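One structure is given below, encoded as structure tokens.
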2 protein chains.
Amino acid sequence: MELKEGIPLHKQISDWLKDRIESGTLKQDEKLPSENELSQKFDVSRVTIRRALQTLENEDLIYRCQGLGSFVTDQRSHHSFSILNDFSEELSDTSMTASSKLLSFTQKELTDRNDILSYLDMQNKTHAVEIERIRLGDNQPIAYDITWMPIFYGQLIEGFDLEQYTIFHILEKEFEIPIERGCYRVEATLADEVIAGHLEVEPDTPLLLINRISYTIGDKPVYFQQRYYRNDKIVFELMADRRANPTSGEGNIPLKEFAPVFKKEME
Amino acid sequence: MELKEGIPLHKQISDWLKDRIESGTLKQDEKLPSENELSQKFDVSRVTIRRALQTLENEDLIYRCQGLGSFVTDQRSHHSFSILNDFSEELSDTSMTASSKLLSFTQKELTDRNDILSYLDMQNKTHAVEIERIRLGDNQPIAYDITWMPIFYGQLIEGFDLEQYTIFHILEKEFEIPIERGCYRVEATLADEVIAGHLEVEPDTPLLLINRISYTIGDKPVYFQQRYYRNDKIVFELMADRRANPTSGEGNIPLKEFAPVFKKEME
DNA sequence: AAAAAATACCTGTAATTACAAGTTTATTTC
DNA sequence: GAAATAAACTTGTAATTACAGGTATTTTTT
């Protein structure tokens with residue numbers, strides 16, 4: 001087995017094993033080669049092998065037993081079911097028409113935002129594209145968001161009409177980069193002066209803050225988004241189900257959905 | 001600093017740091033002592049310190065930046081919505097111990113709360129059991145909620161220790177009434193005087209308000225719950241996945257089982 | 001005074017060595 | 001033959017050493 005230069009050995013090895021597990025070459029509960037065998041195979045020290053195996057253990061791809069060996073974890077339990085929407089899809093089921101107002105499209109150095117850099121898995125780079133938008137439904141402000149993207153993805157969408165199309169849409173339809181997974185984080189917050197202005201609400205109005213990291217194939221992060229929703233315009237609904245998935249006819253895998261629900265005007 | 005025998009050094013060190021982070025001695029984004037400082041402090045090698053720090057990094061308690069140091073991650077416990085949980089299950093992933101403080105257990109006539117009556121599918125009846133509780137994690141207030149149940153279900157749980165057991169638990173374990181489905185609604189709101197007092201925060205602090213209707217077999221509503229979460233203690237996370245069910249062996253059809261639900265209310 | 005270089009400090013990677021402690025299998029002893 | 005022992009395997013823990021590479025500050029040069 002040959003390893004490249006420039007990429008950490010332990011990463012190459014864990015990636016190699018990950019491939020083997022995810023492709024099914026190594027099946028469930030199958031024993032991995034021992035640490036000594038692996039270190040001989042790759043001609044690296046046992047410490048490096050252990051570093052690689054620990055990565056897999058942390059990601060719950062393998063489990064290890066002292067005196068026995070390392071084994072492949074049950075793969076099935078990790079996948080979840082739910083829907084991933086972009087903003088226009090969120091609004092598509094309502095009578096409202098979605099649009100956006102582009103406030104800025106700039107390149108920024110995120111030296112003081114290590115959180116974003118780590119979300120986007122940007123090891124050495126600090127430059128990113130920052131996109132600031134107001135989201136409208138029937139020309140009324142519904143949300144305000146800032147999106148950060150690695151330059152690689154940011155340059156792709158440059159020139160496209162972001163007032164008409166979503167990033168999601170451009171990446172998927174124009175460049176065939178599908179967004180496969182998203183991690184949402186929901187909090188409550190208050191509108192500061194700037195955001196209140198954008199959303200046309202009073203300062204200190206409660207807002208829903210949803211942070212989202214979107215990933216494409218291979219769990220590669222594409223963008224990190226911080227979105228403030230007007231609480232009087234939108235709430236989120238989620239169905240959690242303990243019953244079996246009706247389509248698959250399988251066992252008791254919980255179904256879930258995270259769909260926005262729009263409040264009706266009360267005037 | 002002295003370390004015991006019999007317990008792995010790296011574990012003792014990671015536990016010590018974990019304590020320091022969870023107790024708040026080390027605050028959010030605060031820099032940890034450098035690896036060299038720690039190895040001197042505990043009189044162990046840097047490898048051992050790194051082993052301990054990696055544990056914390058895996059548990060998402062710290063993040064590390066090459067050339068800068070290690071820092072404390074956002075402290076708030078974040079947990080997934082994916083399964084249907086009760087409060088103690090929500091906290092079980094954290095190191096906190098869940099308990100409740102029962103404020104009131106009364107019977108009420110909900111003549112002015114048609115919303116609740118319709119959620120609970122109570123056609124002609126207007127009487128319901130109302131339960132008011134404060135939810136604690138490590139004896140600190142994390143949430144405040146009010147639960148309304150039809151008399152039929154409410155009388156069942158009367159007499160049980162609601163400070164120790166959740167309604168969920170009592171219904172399922174004592175009466176074999178399983179909660180099969182839940183509908184959550186997430187909003188942002190402000191703490192009023194009363195709730196602020198219960199949660200020990202300032203009035204007008206932003207809170208996450210989660211309304212939930214829980215159903216048993218046959219889509220029969222069992223209780224409606226209005227819960228206010230302290231935003232500084234808990235945030236909600238959700239993973240959304242577009243990928244097909246790997247077990248079903250199907251194609252990449254995005255799962256769209258449920259349509260968004262609309263809020264129709266008149267206040 | 002501004003730009004470039006040196007430096008001190010930080011985490012990241014990786015080899016080597018040694019021994020501890022589980023698990024299984026083969027061997028010896030009773 | 002059954003039980004105890006030894007051997008051969010596995011992963012776990014931990015020290016030591018060395019250098020790479022990122023970051024920030026200070027010093028030197030221009």
Side-chain angles (χ1 to χ4, degrees), chain A residues 1-17 26 29-58 61-73 109-118 120-127, chain B residues 1-17 26 29-58 61-73:
Chain A
M1 213 56 213
E2 282 167 29
L3 298 176
K4 292 170 201 168
E5 263 184 44
I7 303 158
L9 300 177
H10 69 81
K11 184 162 194 331
Q12 293 184 59
I13 293 163
S14 64
D15 282 347
W16 184 83
L17 285 166
L26 287 164
D29 290 321
E30 195 172 318
K31 190 171 174 295
L32 269 70
S34 77
E35 296 179 357
N36 279 322
E37 284 172 330
L38 286 171
S39 65
Q40 277 173 39
K41 179 186 183 71
F42 289 103
D43 194 32
V44 296
S45 74
R46 206 186 125 212
V47 185
T48 307
I49 295 294
R50 283 184 64 73
R51 181 72 185 73
L53 290 180
Q54 189 164 45
T55 303
L56 300 180
E57 192 181 22
N58 294 334
L61 286 165
I62 63 164
Y63 59 93
R64 297 148 102 183
C65 297
Q66 190 172 353
L68 273 173
S70 303
F71 306 85
V72 178
T73 311
E109 199 170 1
L110 302 176
T111 43
D112 54 339
R113 293 301 298 266
N114 278 313
D115 53 337
I116 298 175
L117 293 177
S118 73
L120 293 178
D121 212 16
M122 292 165 70
Q123 277 87 356
N124 309 322
K125 301 152 203 152
T126 53
H127 280 275
Chain B
M1 213 57 213
E2 283 165 29
L3 297 176
K4 293 169 200 167
E5 264 183 44
I7 304 158
L9 300 176
H10 70 82
K11 183 161 194 333
Q12 294 184 57
I13 292 163
S14 64
D15 282 347
W16 184 83
L17 285 165
L26 287 164
D29 290 320
E30 194 172 319
K31 190 173 171 300
L32 269 70
S34 75
E35 295 179 357
N36 280 320
E37 283 171 330
L38 286 170
S39 66
Q40 277 173 39
K41 180 186 183 69
F42 289 103
D43 195 32
V44 296
S45 75
R46 207 187 125 213
V47 184
T48 308
I49 295 293
R50 283 184 64 73
R51 182 72 184 72
L53 290 180
Q54 190 165 44
T55 303
L56 299 180
E57 193 182 20
N58 293 334
L61 286 165
I62 63 165
Y63 59 93
R64 297 149 101 185
C65 297
Q66 190 172 353
L68 272 172
S70 303
F71 305 86
V72 178
T73 312

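Throughout, protein chains are lettered first and strands after them, A, B, ... in sequence-line order, and every chain is numbered starting at 1. Only a predicted model underlies this, so the values are computations on that prediction, with no experimental measurement involved.
For the pair A:Gln66 and A:Val47, nearest-nucleotide mapping onto DNA chain D gives the more 5' position to A:Gln66. Nearer the 5' end of DNA chain C, as judged by each residue's closest nucleotide, is the contact made by B:Arg50, out of A:Gly67 and B:Arg50. Ranked by how close their nearest DNA chain D nucleotide is to the 5' end, B:Arg51 and B:Arg46 are led by B:Arg51.
Distance, B:Arg64 CZ to D:dG22 P: 17 Å, rounded to whole Å. We find that CG of B:Leu68 is positioned 8 Å from C1' of D:dA24, with the value rounded to whole Å. Remark: C1' of D:dG12 and CD of A:Glu57 are 11 Å apart, rounded to the nearest angstrom. Here D:dC9 presents its C1' atom at 9 Å from CG of A:Asn36, a figure rounded to the nearest Å. Regarding A:Glu37, its CD atom lies at a distance of 17 Å from the P atom of D:dA8, rounded to whole Å. When the C1' atom of D:dA20 is taken as reference, atom CD1 of A:Ile7 falls 16 Å away, rounded to whole Å.
One N or O on the side chain of B:Thr73 and one on the backbone of B:Leu61 form a donor-acceptor pair closer than 3.5 Å.
Between A:Ile13 atom CD1 and A:Leu56 atom CG the span is 10.5 Å, to the nearest 0.5 Å. Put simply, CG on A:Leu26 and OG on A:Ser70 are 11.0 Å apart, with the number rounded to the nearest 0.5 Å.
Among the candidates B:Leu53, B:Ile62, B:Thr55, B:Ile49, the single residue satisfying the side chain to side chain contact (heavy atoms under 4.5 Å, CB included) test with B:Leu17 is B:Leu53.
Scanning for side-chain hydrogen bond (donor to acceptor under 3.5 Å, both in side chains) contacts around A:Asn36 gives an empty result, with sequence neighbours left out. Remark: B:Glu35 engages B:Arg46, B:Arg50, B:Arg64 in a salt bridge (charged side-chain N to carboxylate O under 4.0 Å, His left out) (not counting sequence neighbours).
Using a 4.0 Å cutoff to heavy atoms of chain B, the contacted part of DNA chain C runs 5' to 3' from C:dC10 to C:dT13.
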